[in-house]
Structures are given as structure tokens and as C-alpha cells.
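Below you'll find the structure, written out as C-alpha cells, and then a few comments.
Letters go in sequence order (proteins before strands), and every chain restarts at 1. These numbers come from the heavy atoms of this one structure, side chains and all, not from hydrogens, waters or symmetry mates.
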There are 2 protein chains.
Amino acid sequence: KDGDKLCVVLGPWGPEWQENPYPFQCSIEDPTKQTKFKGMKSYIAYKLVPSHTGQQVHRRYKHFDWLYGRLAEKFPVISVPHLPEKQATGRFEEDFISKRRKGLAWWMDHMCSHPVLAQCDAFQHFLTCPSTDEKAWKQGKRKAEKDEMVGANFFLTISVPTGPGASLDLQEVESQVDGFKAFTKKMDESALQLNHTANEFARKQVTGFKKEYQKVGHSFKCLSQAFELDQQAFSAGLNQAIAFTAEAYNTIGDLFADQPRQDLNAVIDLLVLYQGHLANFPDIIHVQKGALTKVKESKRHVEEGKMELQKAEGIQERCNIISFATLAEINHFHKIRVRDFKSQMQHFLQQQILFFQKVTQKLEEALHKYDSV
Amino acid sequence: KDGDKLCVVLGPWGPEWQENPYPFQCSIEDPTKQTKFKGMKSYIAYKLVPSHTGQQVHRRYKHFDWLYGRLAEKFPVISVPHLPEKQATGRFEEDFISKRRKGLAWWMDHMCSHPVLAQCDAFQHFLTCPSTDEKAWKQGKRKAEKDEMVGANFFLTISVPTGPGASLDLQEVESQVDGFKAFTKKMDESALQLNHTANEFARKQVTGFKKEYQKVGHSFKCLSQAFELDQQAFSAGLNQAIAFTAEAYNTIGDLFADQPRQDLNAVIDLLVLYQGHLANFPDIIHVQKGALTKVKESKRHVEEGKMELQKAEGIQERCNIISFATLAEINHFHKIRVRDFKSQMQHFLQQQILFFQKVTQKLEEALHKYDSV
């Protein structure tokens with residue numbers, strides 16, 4: 001099993017997880033209602049197609065939940081993304097199912113992006129075990145549940161850089177971890193605020209903005225109807241142009257109401273996912289700080305003659321591994337954060353631009369109606 | 001004085017005022033504070049430059065008000081545009097003065113567009129009498145005030161189409177005037193509503209829309225500040241791009257708040273002017289209906305032998321003139337209405353398009369900041 005060792009390597013920005021040599025992705029599509037026990041029990045199954053096998057499998061939310069539990073237990077310093085919320089009334093309602101599917105797809109993307117999570121046995125079993133082979137599924141499940149390399153033992157499976165200059169300065173690590181702690185706190189606050197603002201902004205567009213533009217549309221409509229009463233032939237063109245303008249403002253109202261689905265919702269999904277990550281980090285930091293405290297204690301105990309030097313060196317060695325893993329995980333977090341927020345901001349702005357272009361186009365159509373008046 | 005007769009002619013859409021053979025316009029600019037009685041009394045004078053003389057004159061609001069009074073008295077079936085509101089605290093405040101100047105300019109445009117009003121003596125005196133020649137001013141004023149061709153006598157100065165087939169079918173006229181009455185009622189309602197909606201829409205942009213976009217800007221700013229805490233070199237570009245995006249949303253908020261000044265305010269000004277016109281028409285219609293009633297009565301009186309046929313024909317002739325003048329005025333109203341609403345709707349849409357293009361441009365600038373991240 002030694003060949004399966006997880007490696008932390010030194011990258012340009014410090015310790016990082018060795019990249020997955022066989023990167024893959026996995027789509028989640030076609031949630032369908034299925035039954036068992038002759039229709040006594042219904043559930044929703046999602047179709048998963050991992051790119052490295054190309055073989056589709058079907059999984060239920062409870063399978064994701066089982067997997068999440070395994071991973072959260074196994075990896076003490078890795079942020080396992082939270083699943084989309086569990087409890088919900090109306091489990092079979094279309095809106096809920098489609099929202100959950102999207103949430104699971106975000107979750108899956110993040111799982112596949114993580115070198116350690118993506119490669120771990122339980123996840124691979126989940127992705128590849130044929131849905132029809134109940135026996136193989138149970139076998140893999142049992143195996144994962146009996147895995148001994150979980151929690152504290154997980155660190156035994158990690159190999160870190162060795163040799164002169166490769167070991168970490170623990171004071172330096174402490175300051176880096178403290179810096180990251182401050183960062184996560186601030187990011188959590190700003191993600192919370194942006195989430196709130198994005199939800200409010202969406203709500204305002206769906207209600208207020210839509211209403212205001214449609215009120216303008218309605219008033220123009222009334223004006224064109226009043227003008228139609230005049231029966232003057234030379235006014236007919238103007239009346240039609242104003243009626244068209246009224247329709248344009250109605251459409252713009254609808255565009256505003258529809259817009260959050262095009263841009264803000266994806267931002268909100270990303271924020272929720274990251275709020276989950278940020279909620280994981282206090283525990284991760286706690287593990288690392290615990291190891292550091294043990295090192296300090298062991299040093300004092302050696303000075304006081306209460307501990308053998310060899311034992312203290314073992315503790316320090318263990319702390320070194322935990323620190324390498326923690327820093328690799330922090331580094332990974334920053335990398336995916338920059339990647340995800342960059343692409344989400346781009347997507348948001350592109351959609352906003354498209355939106356305002358559509359509005360402009362509607363208005364230009366309306367303006368042209370006056371050319372021949 | 002017969003050469004000065006006002007003519008109603010038959011145009012393609014029915015009776016209309018003969019066009020002014022010497023059309024002109026008049027600008028109103030540079031309101032300046034002036035004093036008299038050695039500084040004891042201050043007032044604002046506006047510079048008027050009529051295009052047909054090119055000679056600037058200075059007039060005060062009270063001169064406009066005097067002129068308005070003359071015209072309203074003189075022309076029973078002509079809608080004299082209302083002056084911008086009279087009473088105001090802070091007569092010397094810049095906002096008020098600039099708003100009043102704009103209102104007077106709208107008023108003046110409508111005066112110059114009207115064949116009868118534009119050519120009448122009192123108005124020409126107002127436009128051309130040198131501001132420095134106190135004596136000439138008083139003389140013209142006295143002359144206008146002693147004008148006998150006012151009110152009922154005004155109709156004596158009107159010449160209408162004569163000859164076979166030129167006189168009006170009074171039943172037809174009655175139905176046209178009733179139709180116009182219904183039209184003005186509906187137009188008044190819709191102008192009132194559009195005015196209200198435009199004011200609300202402006203208020204929402206200045207407060208609500210601005211606030212919502214700037215809240216988004218603020219949230220992005222917080223996010224970029226949180227990200228700056230991370231100290232990762234590879235994040236710096238993203239942080240700057242998000243900070244720029246935050247600024248872009250702040251700017252968009254300001255653009256929303258500034259927009260009503262560019263488009264809605266002119267629509268509102270036009271509506272106020274037309275609401276004034278619409279308020280004039282009940283009196284105009286009343287004059288025409290009174291004449292019609294007199295004709296009907298005189299016919300009955302002739303049948304009953306209580307009136308000589310000749311006298312009844314005189315009444316009918318008079319009603320014919322009033323009807324021609326009323327229909328000419330209605331026709332004029334429709335013509336300027338179509339002209340004004342066409343150009344105002346075009347202006348409004350053009351400005352709205354420019355606005356959304358500016359917003360799009362800001363967002364595109366922000367999007368490009370992510371290219372090099």
C-alpha cells in the first residue's frame with residue numbers, strides 16, 4: 001500500500017498536494033424518480049458520468065451523504081465540500097430536484113479538483129461501481145468503512161519533502177496558519193455579505209425593477225390609447241410607436257426579473273459552497289495547532305527530563321507532516337478560490353453585459369419605430 | 001386693420017390656422033439678478049433673443065405674466081400655454097431660477113409655434129420693444145390693454161373659408177368637438193398618470209436603483225479587501241479586478257441617479273405644459289357649445305315667429321366663425337402634440353440607449369480586467 005502514499009511537494013508557492021496524474025471530471029445529469037420494493041418506496045437517482053471511465057452510474061443523495069461522511073471522517077486537514085442542504089419538504093418537487101442537482105454538480109467539480117479527495121478509494125468506488133452490482137457496491141462500502149487510515153492515521157499515509165532544508169520552521173508555519181485564520185474570518189464575513197447583497201439584488205430585480213419598468217410601459221400604453229381616440233390619420237404612426245415602446249418597457253421589466261437566473265444565482269451557489277469550505281477550516285486549523293502545542297510541550301518535557309529526546313523527535317516529525325499537509329491544503333484552497341472566483345466574476349459580468357445589450361437592443365427597436373412617424 | 005385679419009383655411013385635415021409666413025423662434029437665456037431703486041429692489045431678468053429680429057431684450061417674469069393675462073383675455077378659443085408656476089419661496093435660488101428659465105423656454109417655443117399667438121401685437125411688442133426704452137414699453141402696453149378686439153370681439157377679426165360648400169355642418173362640428181372633449185379627458189388622465197410614473201421612476205433611480213447597484217459595488221469591494229489579506233502573489237490580479245468591478249458598480253449607481261436629468265425630466269416638462277393646454281380646453285369647448293346652443297335657440301325662435309330670419313342668419317354666421325376657429329385650434333393642438341410627443345419620445349429613448357450603453361461599457365472595462373488574471 002506504500003505505493004499509494006499521498007505526496008506533499010514543494011511548489012513555487014510553498015507546500016502543495018502532488019497533482020492528480022489522471023485528472024477527470026464527472027457530470028451529474030437526468031435526476032429521475034425510481035421505485036423499489038414494488039413501488040412501495042420512491043427516490044430520485046442522478047446519472048453520473050465520470051470522464052475517466054465514461055461509464056454512467058446512478059447514485060442517490062443518500063449515497064453522496066454516505067460518501068461525505070466517510071471523507072469527513074478520514075481526512076482531518078482536508079476541507080471536504082459540504083453537500084447541498086439535506087432536509088427539504090417536497091423532495092420530489094421539480095424545483096428542489098433541479099436545485100439539488102446543481103448543488104451536487106458544484107460539489108462534484110470541487111471533489112474532482114482536489115488531488116487527495118479525487119484519488120481516494122471511497123470516492124473512486126462511488127464513481128465507478130456499477131449501479132446494478134449491489135454486491136460490489138456493498139463490498140466497496142464495507143471496505144471503506146473498515147479503512148484504518150482515517151483521522152489521526154491519515155497522516156501515516158502522507159509523504160513530505162525530506163532532506164536538508166526541507167523541514168518546516170514551525171514558527172513560520174504558526175504565523176502562516178494564523179494569517180490564514182484571519183483571512184478565512186474576513187472572507188467568511190465578506191462572502192456572507194455578498195451572499196446577502198446578491199439575494200437582495202436578485203429580489204429587487206424580480207420585484208422592484210421589473211415593476212418600475214413595467215409601470216413605465218403601462219403609462220406609455222395608456223398614452224397611446226388616449227392618442228388613438230383622436231382619429232387623426234397623421235397621429236396613427238406615433239400611436240403605434242408609443243404602443244411599441246410600451247411593449248419594449250414591459251419586456252425590459254421581464255428581462256430584469258429573469259436576469260438573476262442568468263448571473264446572480266451562480267454567484268450565490270459559489271458563495272454557499274465556499275461558506276461550507278470556510279466552516280471546515282476552524283477544525284483543520286485546530287488539528288494543526290494541537291500538533292504544534294504538543295511539540296512545544298514535548299520540548300519543555302525534554303528540558304525538564306520528563307521525556308526522551310527520541311519521543312520528542314517523533315512528535316516533531318508528526319507535526320512536520322501535519323503542517324505540510326495543512327499548508328498544502330491552504331495552498332489548494334487559495335488556488336481553487338482564485339480559479340473559481342475569477343471564472344464566476346467573468347461569467348457574472350458577461351451575463352450582465354449581455355443583459356444590458358438586450359435592453360439596449362429593445363430600446364433601439366422602439367426608437368426606430370419613430371423614424372417613419 | 002382689415003389686412004391684419006386672421007385666416008382659417010381648409011387644410012388636408014380640415015380647418016386650420018393659416019401658417020405664419022414669417023416663422024421665428026426665441027431663445028431665453030442668462031437669467032441675471034438686477035436691481036432698481038438704487039438696490040432697494042432686486043429681480044431676475046431673462047435674456048430673450050427672437051430669431052426674426054436678432055435683437056436681445058430683457059424681460060422679467062412679471063412681464064411674461066402681464067403678456068399671459070392679455071392673451072388669455074384676448075383669445076377665447078385659443079389655448080394659451082400656462083406659464084411655469086408663479087409662487088415660490090426662494091425666488092433667487094439657482095435651482096428655481098434655472099427651472100423657471102427652462103419652463104419659460106418651453107412656453108416660448110409653444111407661443112412661437114402658434115400662428116395666431118406668434119403674430120399678435122402684444123406678443124410682438126413683448127419680443128421686440130427695447131428693454132431700455134421705458135416709454136415705448138409703456139406705450140405698447142397701454143395699446144394692448146386698450147385693444148378692443150378681445151374676447152367675443154376677437155371673432156370679428158377672423159376670416160373663414162366662404163363660397164359654396166365651405167360652411168360647416170354644425171351637427172358634424174358638434175360631434176367633432178364632443179370627440180375632442182372625450183380625447184382631452186383621456187389624454188389628461190394618461191398625462192397625469194405618466195407624469196406620476198415618470199416622477200416615481202426618477203425617484204426610484206435616484207434612490208433605490210442607485211442604492212442597489214452601489215450595495216453590490218460595496219460587497220465586491222469587501223470581497224476584494226478580504227482577498228487582499230491572503231498575500232498570495234497569484235491572487236493579486238484577481239483582487240485588483242474585483243476592486244475595479246466594485247468601482248464599476250458604484251459608477252453604475254451614480255449613472256442611474258444622474259439619468260432622470262438626461263431623459264425623464266424633459267418628458268415631465270412636456271407633460272406639465274400639455275396638462276396646462278388640456279386645462280384650457282373646457283373653456284374653449286364651452287365657448288363653441290354656447291354658440292351652437294344660440295343657433296339652435298334662434299332657429300326655434302324663428303319657427304315660433306319670435307325672431308327675424310336675418311338675425312338668426314347672423315347668429316349662425318357667427319357660430320360658423322367660432323366653429324372654424326375652434327376646429328383650427330383643435331387641429332393645431334393635434335399637430336403640435338404629434339410633433340412634440342414624437343420628438344420627446346425619441347429624445348427619451350435616445351438618452352435611455354446612451355445610458356445603457358454607458359453601463360455596458362463600464363462592465364466591459366471591468367470584464368477586461370480579468371483577462372490577465
Side-chain angles (χ1 to χ4, degrees), chain A residues 13 179-180 182-183 186-191 193-194 196-198 200-201 204-205 208-209 212-213 215-216 218-220 222-227 229-235 237-238 241-242 245 331 334-335 337-338 341-342 345-346 349-350 352-353 356-357 359-360 363-364 366-367 370 373, chain B residues 13 179-180 182-183 186-191 193-194 196-198 200-201 204-205 208-209 212-213 215-216 218-220 222-227 229-235 237-238 241-242 245 331 334-335 337-338 341-342 345-346 349-350 352-353 356-357 359-360 363-364 366-367 370 373:
Chain A
W13 323 104
F180 184 71
F183 166 79
K186 187 96 200 252
M187 178 169 168
D188 195 39
E189 285 163 12
S190 67
Q193 198 202 9
L194 182 54
H196 176 76
T197 306
E200 270 301 285
F201 193 51
K204 285 283 160 68
Q205 286 182 70
F209 288 28
E212 293 308 320
Y213 279 86
K215 270 190 202 159
V216 172
H218 179 69
S219 292
F220 283 146
C222 289
L223 187 68
S224 82
Q225 283 169 344
F227 281 6
L229 277 189
D230 73 351
Q231 311 273 9
Q232 299 283 349
F234 58 78
S235 182
L238 177 67
I242 297 178
T245 308
N331 206 337
H334 282 311
K335 270 200 280 190
R337 169 182 65 84
V338 169
F341 278 83
K342 176 188 170 178
M345 289 299 291
Q346 284 178 314
L349 288 170
Q350 281 156 354
Q352 285 267 292
I353 289 166
F356 285 111
Q357 284 171 341
V359 170
T360 307
L363 294 171
E364 277 168 347
L367 179 59
Y370 294 84
V373 172
Chain B
W13 325 104
F180 184 69
F183 166 78
K186 186 98 200 251
M187 177 169 170
D188 196 39
E189 285 164 12
S190 68
Q193 197 202 9
L194 182 54
H196 175 76
T197 305
E200 271 299 285
F201 193 50
K204 285 282 160 68
Q205 287 181 71
F209 288 28
E212 293 308 319
Y213 279 87
K215 270 191 205 159
V216 172
H218 180 68
S219 291
F220 283 147
C222 289
L223 187 68
S224 82
Q225 284 169 343
F227 282 5
L229 275 189
D230 74 351
Q231 311 273 3
Q232 299 282 351
F234 59 80
S235 182
L238 177 67
I242 297 177
T245 309
N331 206 336
H334 283 310
K335 269 201 280 191
R337 169 181 65 81
V338 170
F341 277 84
K342 176 191 171 178
M345 289 299 291
Q346 284 178 313
L349 287 171
Q350 280 156 355
Q352 285 267 291
I353 289 166
F356 285 112
Q357 284 171 339
V359 170
T360 307
L363 293 171
E364 277 169 348
L367 179 58
Y370 294 84
V373 171

If we define contacts as heavy-atom pairs under 4.5 Å, which of [options] has the most with chain B?
options	answer
A:Ala366, A:Ser235, A:Gly237, A:Ala226	A:Ala226
A:Gln350, A:Lys215, A:Lys204	A:Lys204
A:Gln193, A:Met345, A:Met187	A:Met345
A:Gln205, A:His334, A:Glu364	A:His334
A:Gln357, A:Gln225, A:Gln352	A:Gln352

So do [Y] and [X] actually touch side chain to side chain, heavy atoms under 4.5 Å?
X	Y	answer
B:Gln231	A:Phe183	no
B:His196	A:Ser219	no
B:Leu349	A:Tyr370	yes
B:Phe227	A:Val338	no
B:Thr197	A:Phe220	no

Is chain B contacted by the side chain of [X], its backbone, both, or neither, given a heavy-atom distance below 4.5 Å?
X	result
A:Val359	side chain
A:Glu212	both
A:Leu238	side chain

Interatomic distance, CZ@A:Phe209 vs CZ@B:Phe209, rounded to 0.5 Å, equals 5.0 Å
Under 4.5 Å to a heavy atom of chain A? For B:Thr245 that would be side chain
Q) Non-hydrogen atoms of chain A under 4.5 Å away: do they reach the side chain of B:Leu367, the backbone, both or neither? A)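 Both parts, backbone and side chain.
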Leading residue by heavy atom contact count with chain A [cutoff under 4.5 Å; candidates B:Val373, B:Asp230, B:Thr360]:
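Maximum pair count with chain A is reached by B:Asp230.
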Greatest number of non-hydrogen atom pairs under 4.5 angstrom with chain A, of B:Leu194, B:Ile242, B:Asn331, falls to B:Leu194
>> Does the plane of the ring in B:Tyr213 sit parallel, tilted or perpendicular to the ring in A:Phe201? Use 30° and 60° as the thresholds.
In response: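 The rings of B:Tyr213 and A:Phe201 stand perpendicular, inter-plane angle above 60°.
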Worksheet item: Do you know the tightest heavy-atom contact between B:Leu229 and A:Ala182?
Response: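 The answer is CD1-O, 4.0 Å.
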Item checked: B:Leu223/A:Phe341 under side-chain contact (heavy atoms from CB on, under 4.5 Å): CA gap, chis, key distance, verdict -> CA-CA 10 Å; B:Leu223 187 68; A:Phe341 278 83; 3.9 Å; yes
